Structure formats: structure tokens, C-alpha cells
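I have placed the structure first, in the form of C-alpha cells, so that the comments after it can refer back to it.
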Protein chains: 2
Amino acid sequence: MFKCIRGRKNSRERILDAAAELVSEIGSGRLTLDAVAERAGLSKGGLLYNFPSKDALLQGMIQRMIDEASTQKEALREKAEPGPNLEARLCTATVLNLHCGNMREIANGLLAASSENPRLLEPVRHIVKETFGNLKDTCEDLDASLLAWLAVEGLTNLEMHDLSPFSEEDRARIVASVNRLLHKGIAA
Amino acid sequence: MFKCIRGRKNSRERILDAAAELVSEIGSGRLTLDAVAERAGLSKGGLLYNFPSKDALLQGMIQRMIDEASTQKEALREKAEPGPNLEARLCTATVLNLHCGNMREIANGLLAASSENPRLLEPVRHIVKETFGNLKDTCEDLDASLLAWLAVEGLTNLEMHDLSPFSEEDRARIVASVNRLLHKGIAA
DNA sequence: ATTTATATACCGGCTGGACGGTTTAGTGCA
DNA sequence: TGCACTAAACCGTCCAGCCGGTATATAAAT
């Protein structure tokens, strides 16, 4: 099992990477199976062998994003410093990680699914709802936690659409502000 | 000039409304000229008479959003209460208005343009950059201003993708938190 | 050991339908 | 006469999904 004769690496991963990159480069509406197959280094038939339809491919992108986020969050929870609003701190850090460095494109499944078939966002809808519930249940300062969460969502959304006007330093400063908000709250 | 014989209302407006609604309902990737024409209550020829290409239509959606935002912002500036971080307060209020009530779909041009042809977002990119510049130049508390701005961006983005888990009360509470943040800042 | 069978992983040409855009011929109002 | 369309046919392109085939690996049978 887990054999991969032709590909050097798991084909599914290569395909998902290719799709995510292409969304960044040419826009979610121009994502075609042919383009993904070429970028991933296999044929269209091979692509459809791994993902039997375009919807399945988009679902795979969404699922990987969710799995990756979940893994990262639990990893962060292990080494989390004690302090207030833990869940919100984990949540913001995860969202920021998902759109940083070599992960920069992993969230592009959102754009692709949203443009092609909004129903594919159902799992994401569920996660968002769950996240909100967690924050409500566990965070000492819900107002600050929500603001922090929404702010990193806003930041990553700007970055996804390539609309961010922020330099690396700007981004760092914003992240620092988010953390300060989560530790100190809004002034009285 | 500005005559509109057949339509009860400006055709261009009806077309833009129809397109924005359709993006909400069927997803930006499934936005077709035929569907827009049907929804707007005119023929495809009539649609292409008003917007000679799909790109032109998307550009029109973006432009209306920008114009609407600019108008609203200046209207808000007239009756703005004195206080800190004026520009950020105008900015957040405008973004929130653009995604509220009968305006709910006006920002959908972003999704449509992003999926079809990301280059059409250039004017938005410019506005975002300018907004950031304004905040930097005029806001007493830049950190709080940026967080507030990004938070409402995050909120409206969730709403655009129909991912928001927030009730009306939740939303009101978040908006109140944003305003508190802009008036009081982050705790020391 | 050799043949046969089956499964895995993939190739790549093809087709049918959808879609953007054009064209043409005509309509009703000012 | 010009403006703002309607109605419908049409064209070329693009693209998802289909399908027959291929190479390799493993298993079973002889």
C-alpha cells in the first residue's frame, strides 16, 4: 500500500499543490484540469484517477486546508504559553501560519471552491461555527478574542486576493498588536 | 441624457444588481452573460450594449463598489463626531455599510473579478494602499486603527462567502467592540 | 518456474456542451 | 433619424468528463 510507481512523491499532494499555486497565478476561475495536470506533472487521465471530478479536487483542497489547520493548532496547543484567551491565540496563530511562507497557497482552495461551487464550503462553515463556539465558551475576553480572530481573517483575505499593502514589518507589527490585544484586551 | 426608455430604472444599475445577486446565489465562477441578462430583464444584446464585454461588466461592478464606498465615506465624514482615529472610524463604518441590508451584494464584484481576471482588482489594490496610507498619516493610534479595519474586513469577507456564524446581536456586539477599540485603544 | 489473472497508476485522444462574443434584422420611442 | 434596445441564430474556443489503452506490480494457478 501507499505505493507510487510513477510519481516520486504522493500524486495527490502534487496535484493539490499545483492547483493551489495555479489559483494564485491565474485566478480561481481559470483553474482547469488540464492546467493542474500539466503543473502536477501527469496527464489529465491521471489527475482524474486521483480525483474523479473537479468538485472532488476542490473538496480535496478544502479538506487538506482543514486538516493542516487542525494539525497545526494541536501542535501549537502543546507548547502554548499560559495566559488569557488561549483558544483565540491558537486560532489566530493557526490562521496566520496557514498563509505564510510555504503554506501561502494552501487556503486558495477557499477561492476556488467559492467560485466553482459554494456548497463545497460547507465543511469550512462548520469549522467557523465551531471556532466561534469555542471562543465563546473558553475565552476570558470574548470581545478582544473576536476582534483578533476577525483581524487575522481580514489580513489573510487581503493576502489571498493579493491586495495586501503591508510590508513584512507592517505584518509583524499587526501580528504583535493582535497578540497584545489578546493579552491585554481593549482599554477601559 | 440619462434617459431610460424601456427599463423602469437605469439599465446599467439593474445589470450590476443582477450580476451581484447572481454571484451570491450561484458562485462567481458560474456568472454568465446569459444569466445576468435574464435576471436583469433584458436581452443578451442589450446587456452587451451596456457593457461591451464581460470584463467591462466586472469592471463596472468594481467601479460601482468603489464609487459607492467613496460617496458613503464622505457623507459619513460630514456628520462625524469628533474624537480619535477619525479616518479609521469612517473606514470601518463604510466597509460595514457596504455589506449591510440592501447593499449586501455590492462587494461581490470583488469575488467575480478575482475569479475571472485578478487584474481587474487593480483599482481596489490602489484604494487599499491609499487607505493604509491615510490611516498611517492621520490616526492617533495606528495599531488599534489597523486592527479595527482588518476586523471589519474579516467580518465582511466571512459574510461574502456566506461563512459568518454571527447573529444580528453578535454582529452588533462586534461593531460595538470595533468602535470601543477605536475610541479607547488596546489596554496598556 | 512459468503462465495467467487482477489491481494499481496512469496516458492522451475525443466529444458534447457551455459560454463569450458577433451579427443581423427588426421595434418603439423621442 | 438616432437611441436603446429585442430576438435569435451563429461561431470559435474552452473544458470536464469519458474511454480505450498501457506499463508495472502482485497474486494465483498450473
Side-chain angles (χ1 to χ4, degrees), chain A residues 1-19 22-23 25-62 109 111-120, chain B residues 1-19 22-23 25-62 109 111-120:
Chain A
M1 47 187 134
F2 297 136
K3 278 288 174 63
C4 243
I5 302 159
R6 319 233 177 196
R8 314 146 251 277
K9 180 182 162 185
N10 191 327
S11 283
R12 283 180 64 96
E13 288 298 314
R14 263 166 44 228
I15 290 168
L16 293 173
D17 287 343
L22 282 171
V23 170
E25 290 170 26
I26 60 179
S28 53
R30 295 185 179 175
L31 188 74
T32 67
L33 296 184
D34 293 87
V36 174
E38 192 190 343
R39 171 70 61 108
L42 43 49
S43 70
K44 194 164 163 182
L47 167 54
L48 284 163
Y49 177 82
N50 285 277
F51 296 96
S53 71
K54 196 177 183 183
D55 266 15
L57 170 61
L58 298 171
Q59 213 182 333
M61 295 173 80
I62 297 279
L111 295 180
S114 165
S115 96
E116 194 85 10
N117 181 357
R119 272 177 298 151
L120 294 173
Chain B
M1 46 186 132
F2 296 138
K3 279 287 173 65
C4 238
I5 302 156
R6 316 237 177 192
R8 312 142 254 278
K9 180 183 164 186
N10 190 325
S11 282
R12 282 180 65 97
E13 289 297 314
R14 263 166 44 230
I15 292 167
L16 293 173
D17 287 343
L22 282 171
V23 170
E25 291 170 25
I26 60 178
S28 54
R30 293 183 180 176
L31 189 75
T32 67
L33 296 183
D34 294 87
V36 173
E38 192 189 341
R39 171 69 61 106
L42 43 47
S43 69
K44 190 174 169 180
L47 167 54
L48 284 162
Y49 179 83
N50 285 279
F51 296 96
S53 71
K54 194 176 184 183
D55 265 16
L57 171 60
L58 298 171
Q59 215 183 331
M61 296 173 79
I62 297 280
L111 295 181
S114 164
S115 95
E116 193 86 8
N117 182 357
R119 270 178 300 151
L120 294 172

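Just so it is clear, the structure is predicted and the values come from calculations on it, not from any experiment. Just so you know, these numbers use all the heavy atoms, side chains as well, and skip hydrogens, waters and symmetry mates. Chain identifiers are assigned alphabetically (A, B, ...) following the order of the sequence lines, protein sequences preceding nucleic acid strands; residue numbering begins at 1 within each chain.
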Roughly, in whole Å, what's the span from [atom1] in [X] to [atom2] in [N]?
X	N	atom1	atom2	value
A/Leu33	C/dC14	CG	P	19 Å
B/Lys54	C/dA18	NZ	P	15 Å
B/Phe51	C/dG21	CZ	C1'	16 Å
B/Asn10	D/dC5	CG	C1'	14 Å
B/Glu38	C/dC19	CD	P	12 Å
B/Tyr49	C/dT22	OH	P	15 Å
B/Leu47	D/dA4	CG	P	15 Å

So which nucleotide from [options] ends up closest to the side chain of [X]?
X	options	result
A/Ser53	C/dC11, D/dG17, C/dC19	D/dG17
A/Asp34	D/dC5, D/dA16, C/dC19	D/dA16
A/Leu48	C/dA9, D/dG17, C/dG21	D/dG17
B/Ser43	C/dG21, D/dA7, C/dG12	D/dA7

Quick check on D/dC5: is either OP1 or OP2 less than 4.0 Å from any side-chain nitrogen or oxygen of B/Asn50?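 Affirmative; the distance criterion is met.
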For D/dA4, take OP1 and OP2 only and decide whether either is under 4.0 Å from a side-chain N or O of B/Ser11.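 Checking B/Ser11 against D/dA4: no side-chain N or O falls below 4.0 Å of OP1 or OP2.
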What is the minimum heavy-atom distance between B/Ala19 and B/Leu31, and which atoms define it?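 Answer, listing the atom of B/Ala19 first, then B/Leu31: O-CD1, 3.6 Å.
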For B/Gly45 and B/Glu116, find the nucleotide of DNA chain C closest to each by heavy atoms; which residue's nucleotide sits nearer the 5' end?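 The 5'-side residue here is B/Glu116.
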Using a 4.0 Å heavy-atom cut-off across all strands, classify [X] as base, sugar-phosphate, or nothing.
X	answer
B/Leu42	sugar-phosphate
A/Lys44	base
B/Leu57	nothing

Hey, does A/Phe51 have a side-chain heavy atom less than 4.5 Å from the side chain of A/Leu33?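 Counting from C-beta outward, A/Leu33 and A/Phe51 never come under 4.5 Å.
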Are the side chains of B/Leu42 and B/Arg14 in contact, using a 4.5 Å heavy-atom criterion?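 A side-chain contact exists here, since the closest heavy-atom pair is under 4.5 Å.
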On DNA chain D, does the nearest nucleotide to A/Arg30 precede the nearest nucleotide to A/Pro52 from the 5' side, or the other way round? Give the residue.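 Closest to the 5' end, via its nearest nucleotide, is A/Arg30.
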Please name the residue in the list B/Leu22, B/Asp34, B/Ile15, B/Asp17 that meets the side-chain contact (heavy atoms from CB on, under 4.5 Å) test with B/Arg39.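 Among the candidates, only B/Leu22 passes.
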If only atom types and distance count, is the side chain of A/Arg30 paired as donor or acceptor with the main-chain N or O of B/Ser115 below 3.5 Å?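 Checked: no pair found.
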